[in-house]
2 protein chains.
Amino acid sequence: MRDPLPAFPGYSLRRAANATAGELASRLSDIGLKQVDASILILVGENRDVTASALGRQLDIQRANMVPLLKRLEDEGWIFREPLDGKSQGLALTESGEAKTREARDIIEAFEAELLERIPPEHRDHLLPALNALWR
Amino acid sequence: MRDPLPAFPGYSLRRAANATAGELASRLSDIGLKQVDASILILVGENRDVTASALGRQLDIQRANMVPLLKRLEDEGWIFREPLDGKSQGLALTESGEAKTREARDIIEAFEAELLERIPPEHRDHLLPALNALWR
DNA sequence: TATGCATTGCTATAGACAACAACAATCGCT
DNA sequence: AGCGATTGTTGTTGTCTATAGCAATGCATA
């Protein structure tokens, strides 16, 4: 079939993102995580007492939609909340959450390394800066 | 906030794809199209009498989910179906569909050009080959 | 030519996700 | 003390995708 679409960077971007996201999702599901879960765990691990709102801003997830996500991570015993004042609550990893986060990091880092290996060496180092120019 | 995530190509890939897809979606909505619609119109335009199944395979959309998509394009008067045999039906653009497709192409091509311009020149030409190495 | 398997188009359903509006409580600034 | 902004939350909606199933047809081959 004639298909001019892959010549469009925007289209290839979407397809590549879908394909790789699918792969990563499959690997993370082995340890019971979705990609969002892993992102949240990593951010909470690096930023003790971050608030749900701040997390949402960083990840471009609306406040309202953070609720079920955090509830699940809390129910699993990976994060807990501690009141910062009468209104805000800080998030932090439990011990089991820290272990889970390390697992997730291992999976992700292995995956990222594989991704880069698929790219011909002459293009490899340009991907990240090019991508970051598109959204940051 | 400390955020190690943008250092992961896979994460940046997803974020860049979301950001750019959102922008393109907004522009395409000006002419009443979603991105899938535009993809389908372009493919049908390049491949007269392509079947719904073949389209789905090319775009990674399941047969069942093509139905409402194509129904809408047909209801809008942009595509029509002609029986190829007793079972398969070929898709083709109407005249108004061809006009709509040209509009979509103009928007997409302008958008893609802008995307590339955002990327520092030394990285620009590496994006497409790097992306295509990830999913094709 | 007849049989069996694959394919096509479609219906119906369920789950995941994101957007949106609204609300009470609280914070922080003036 | 008052007021606008922020936080966490509920509830709802629409969109998208996966899945299973079905009747009809095509295709290959025995």
Side-chain angles (χ1 to χ4, degrees), chain A residues 1 11 14-15 17-26 28-29 32-40 43-44 47 49-76 79-92 135, chain B residues 1 14-15 17-26 28-29 32-40 43-44 47 49-76 79-92:
Chain A
M1 182 183 323
Y11 179 81
R14 196 150 28 94
R15 292 300 299 264
N18 285 347
T20 59
E23 276 186 70
L24 178 57
S26 149
L28 283 175
S29 76
L33 292 183
K34 283 168 296 184
Q35 302 179 56
V36 210
D37 300 331
S39 307
I40 294 177
L43 281 186
V44 171
N47 302 275
D49 280 346
V50 67
T51 65
S53 290
L55 263 188
R57 275 189 297 270
Q58 191 72 18
L59 294 172
D60 272 323
I61 299 176
Q62 308 214 359
R63 239 171 33 254
N65 295 328
M66 293 294 300
V67 177
L69 294 177
L70 294 176
K71 170 163 175 24
R72 182 167 159 272
L73 300 184
E74 193 181 17
D75 287 348
E76 296 277 1
I79 64 173
F80 64 96
R81 322 190 189 213
E82 40 193 2
L84 298 180
D85 54 33
K87 170 166 79 162
S88 302
Q89 39 191 318
L91 302 168
W135 69 279
Chain B
M1 182 183 320
R14 196 150 26 96
R15 292 300 298 266
N18 285 347
T20 58
E23 275 185 72
L24 179 56
S26 148
L28 283 175
S29 76
L33 292 183
K34 284 168 296 185
Q35 301 179 56
V36 211
D37 299 332
S39 307
I40 293 176
L43 281 187
V44 171
N47 302 274
D49 279 345
V50 69
T51 65
S53 290
L55 263 188
R57 275 188 296 270
Q58 191 72 18
L59 295 171
D60 271 324
I61 301 175
Q62 311 217 2
R63 245 175 21 258
N65 295 328
M66 293 293 301
V67 178
L69 259 26
L70 293 176
K71 171 162 173 27
R72 183 167 157 271
L73 300 183
E74 193 181 18
D75 287 349
E76 296 277 0
I79 64 174
F80 64 96
R81 323 189 189 212
E82 39 193 4
L84 299 181
D85 54 32
K87 170 166 81 164
S88 303
Q89 39 191 318
L91 302 168

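Computation of the quantities below employed the complete heavy-atom set of this structure, encompassing side-chain atoms and omitting hydrogens, waters and symmetry-equivalent molecules. Here is how names work: the chains are called A, B, and so on, in the same order as the sequence lines, proteins then strands, and each is numbered from 1. None of these values were measured; they are calculated from a predicted model.
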**Report entry** 4.5 Å side-chain heavy-atom contact, A:Asn18 and B:Asp60
**Finding:** no
Requested in this report: Return yes if some donor-acceptor pair links the side-chain N/O of B:Ser26 with the main-chain N/O of B:Gly22 below 3.5 Å, else return no.
Outcome: no
Query raised in the report: How long is the line joining CZ of B:Arg57 and P of C:dA6, in whole Å?
Result: 15 Å
Requested in this report: May I ask you to verify if any side-chain N or O of A:Gln62 is less than 4.0 angstrom from the OP1 or OP2 atom of C:dA19?
Outcome: yes
Requested in this report: Take atom CG of A:Asn18 and atom P of C:dC17, then tell me their distance rounded to the nearest Å.
Outcome: 14 Å
Query raised in the report: At under 4.0 Å between heavy atoms, what does A:Lys34 touch on the DNA or RNA strands: base, sugar-phosphate, or nothing?
Result: sugar-phosphate
Requested in this report: Would you indicate which nucleotide in D:dG8, C:dT11, D:dT10 comes nearest to any side-chain atom of A:Ala64?
Outcome: D:dT10
Query raised in the report: Nearest nucleotide by nearest heavy atom, which residue falls closer to the 5' end of DNA chain C, A:Asp85 or A:Val36?
Result: A:Val36
Query raised in the report: Rounded to the Å, how far apart are B:Lys71 NZ and D:dC16 P?
Result: 16 Å
**Report entry** Name of the residue among A:Asn47, A:Leu70, A:Leu43 meeting side chain to side chain contact (heavy atoms under 4.5 Å, CB included) with A:Leu91
**Finding:** A:Leu70
Query raised in the report: Whole-Å distance between D:dG11 P and A:Met66 CE?
Result: 19 Å
Report task. Please check the phosphate of C:dC10 (OP1 and OP2 only) for any side-chain N or O of B:Gln89 closer than 4.0 Å. Result -> yes
Requested in this report: Examine the base of D:dT25 for any acceptor or donor lying under 3.5 Å from a partner atom in the side chain of B:Lys87, and report the outcome as yes or no.
Outcome: yes
Query raised in the report: Roughly how many Å is it from CZ in B:Arg63 to P in D:dA18, rounded to a whole number?
Result: 13 Å
Report summary line: When rounded to whole Å, the CZ to C1' distance for the pair A:Arg72 and C:dC17 reads 14 Å
Query raised in the report: In whole Å, what is the span from the CG atom of B:Asn65 to the P atom of C:dT8?
Result: 16 Å
Report summary line: DNA chain D nearest-nucleotide lookup for A:Leu70 and B:Leu69: closer to the 5′ end is A:Leu70
Query raised in the report: Quick one: does B:Asp37's side chain have a donor or acceptor within less than 3.5 Å of a partner on B:Lys34's backbone?
Result: yes
Query raised in the report: In whole angstrom, what separates B:Ile61's CD1 from C:dT8's C1'?
Result: 17 Å
Query raised in the report: Judged by atom type as modelled, is there a donor-acceptor pair below 3.5 Å linking the side chain of A:Gln58 to the main-chain atoms of B:Met1?
Result: no
Query raised in the report: Quick one: which of D:dG8, C:dT8, C:dC27 gets closest to the side chain of A:Ser53?
Result: D:dG8
